[in-house]
Amino acid sequence: MSKTYTPEELKKLPFMNENLNIEQRVEDLLKRLELKEKFKLCAGRHRWETKPIDRLGIPAFLMTDGPHGVAPHSSGGKECTYFPVGICRAATWNHDLCFQFGKALAEEAREVGAHMILGPGVNIDRTPLCGRTFEYQTEDPYLNKKMAVPVIKGVQGERIAACIKHYICNNQEKNRYTYSAEVSQRALEELYFPAYKAAVEEADVWSVMGSYNKINRVYGCAHKKLLKKVLMDRWGFRGFVVSDWNATHLIDNPEDCIKAGLSLEMPRAKHYKRRYLKEAFSKGKFTEEELDEIVKRLLRVMFLVGIFDDPSTLPQGVRNTKEHQDIARKIAEEGIVLLRNEDNILPLERDQIQKIAIKGLNADRKLAEGGGSSAVKPPYEITPRTGLEQKCEDKIEIIDDVEEAEYVFLVLGLDHEEHNDVENSDRESLELPEAQLDLIDEVTEKNENIIVILINGSPIRMDNWINKVKAIIEAWYPGQEGGHVIADIIFGDVNPSGKLPLTFPKRLEDSPAHLTEKRYPGNEKVFYEENIFVGYRYFDTQNIKPLFPFGFGLSYTNFKYKNIELDKTEFSDNEKLTISLKIENIGKREGAEIIQLYIQKVHPKIERPVKELKGFKKVFLTPKQNKTIQFKIIKEALSYYDDDLKLWNVNEGEYKVLIGGSSRDIRLESKFNYKKQ
Ligand code: GLC
């Protein structure tokens, strides 16, 4: 009969001693657990929590969605700050802002009583049709890890667990519960792993969510090679793996999940029902040691988030504060991308305008609660119309007649409805909804000063109307402060600096995932035949002109790149190559520029992209201000994964440094040699 402790007795047990190190506390608690209690800890209840073990004072471990704000469905309906979505945050290319966001998100999670936030979402944008492109970050593995790591550090700095998702290759929503991503090891290593690897090695992420789909015919939540061998043994992941909700349902048995390293089946037991575990255990399908390995990972994170500690010693939670709203506004300010600005029509001079018109359904739509599990219920949401009305006040009249208006704002985009940027449903084309195309035709017939504002989270086809409009602002789903920021950008109170974190193709057929049906949508199997050639890696190597390239974004000022210098023309192992250059603001307004560094192997022995992002710096400059920028390159930046050798390799020879304001706007070049020691 297992001992029941009084609260006083519990307090004296080693695992309750905050002065002991985490591993000592884990070991002490683990050895006190009965077998059936270990089984109990392996599956959730009430959709968002683990089961408490009252005998030992183990409380429920609570988790909540989502990647850009605490969700109402997993916080008892709480109103929380609606931050700009993941793709907007990635378009800031701003590490510090990502950290601040993570910290704020954790403060809100703590305030609603959660111990873990189910985010960030980092699946690579392999196809522009993916329904959750808005939730994720980018097509590029380097930018992906650089934007994910600071978010995780910001979250976990508040002793809230981050849960990076969805591991791995959940790059489409179509058939998400069943498809198998048929993907090469090289593509995994060079494209799909980096954000997760960095999350473990650089941010010590405390949880990873196993994906619905299969990877090379094995379900994500039972994938021993990817979970145990890669995530845990190779990268050193010490946290716990949680299944996506109901992601274990098509897996054959519990032991495959246990042996793979799945600690927690959510939202409730399917394979991890205690009677199933008891039966499998009694038949020797798994050992208590294997069970202990997955249970102690969950216990470890419980200690890390302070679930047993005096709450007064933990970071306090806050929700819907002015500070959080300012962070939401800042992300929108730096993540919104100016795509077109013919005749420098923007920014508008408020004092010189009498009448404007605002058209389009997205002028008034409040979209925070759409999109699926990433929904947020904000205390308010400033729509584009409200933002513009507040900016115009009584100075500019907002009229209905588009012929009479001096400027017409067309607020277009998608709406988180089916096939329109929503979970569990991919888009069916890059087109805007038909009614919006008709509206563009109608309005552009009557007025030439059309400014399009896009509210969307994935690439839109524009070549059929782009030349009819003067300006295009890609505002993404810009969070609850979005309307204010859009108006600030239009009237010049904010100089846009966002840069596209993914390619906008001219036509869907130009995208590498859309060359054949096998590649997308596939069937039971989705063949990642494009291998490493995703996004600009494909467009630039094949020399296909995109509508807007990766890394593109306009500003109200201009920047001059000059004086590139390398501190050596040849370097080898253990050495660093320093690349320096000067950047000058040659325009009339202060602004930010994101300087991008790409590396190219000259005459590669094996197929390689013509360029790969290996560095970026965001600098804020006043007019005429100069800054010297430095990049440090080590040999890893030159490496590729060799599928034959089954290891990362670096070839000797000549490489190019390409520095620019986008993947297609290379301003400076230089060369160097790499020579093995
Ligand atoms: C959903 C999503 C996942 C989310 C979870 C809980 O199906 O795939 O991102 O965190 O279930 O809502």
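Counting starts at 1 for both ligands and their atoms, in listed order.
- Checked for salt-bridge contact, Lys259 and Glu290 meet the test: a charged N lies under 4.0 Å from a carboxylate O.
- Between Glu79 and Lys377, no side-chain nitrogen of the basic residue sits less than 4.0 Å from a carboxylate oxygen of the acidic one, so the salt-bridge criterion is not met.
- Between Lys330 and Glu481, none of the side-chain N atoms (NZ, or NE/NH1/NH2) sits under 4.0 Å from a carboxylate O, so this pair counts as no salt bridge.
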Can you give the donor-acceptor pairs under 3.5 Å from side chains of residues 236-243 to other protein atoms, not counting sequence neighbours?
{"residue": "Arg238", "atom": "NE", "partner": "Asp204", "partner atom": "OD1", "Å": "3.0"}
{"residue": "Arg238", "atom": "NE", "partner": "Asp204", "partner atom": "OD2", "Å": "3.1"}
{"residue": "Arg238", "atom": "NH2", "partner": "Asp204", "partner atom": "OD2", "Å": "2.5"}
{"residue": "Ser243", "atom": "OG", "partner": "Met266", "partner atom": "N", "Å": "3.0"}
{"residue": "Ser243", "atom": "OG", "partner": "Met266", "partner atom": "O", "Å": "3.3"}

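- Looking at Arg427, its side chain does come within 3.5 Å of a backbone N or O of Pro459 through a donor-acceptor pair.
- The contact shell of ligand 1, taken as protein residues with any non-hydrogen atom closer than 4.0 angstrom, comprises Trp48, Asp65, Leu118, Arg132, Lys165, His166, Arg176, Met209, Tyr212, Asp244, Trp245, Ser373, Glu423.
- Exactly one residue among Glu530, Glu529, Glu139 makes a salt bridge (Lys or Arg N to Asp or Glu O under 4.0 Å) with Arg126. That residue is Glu530.
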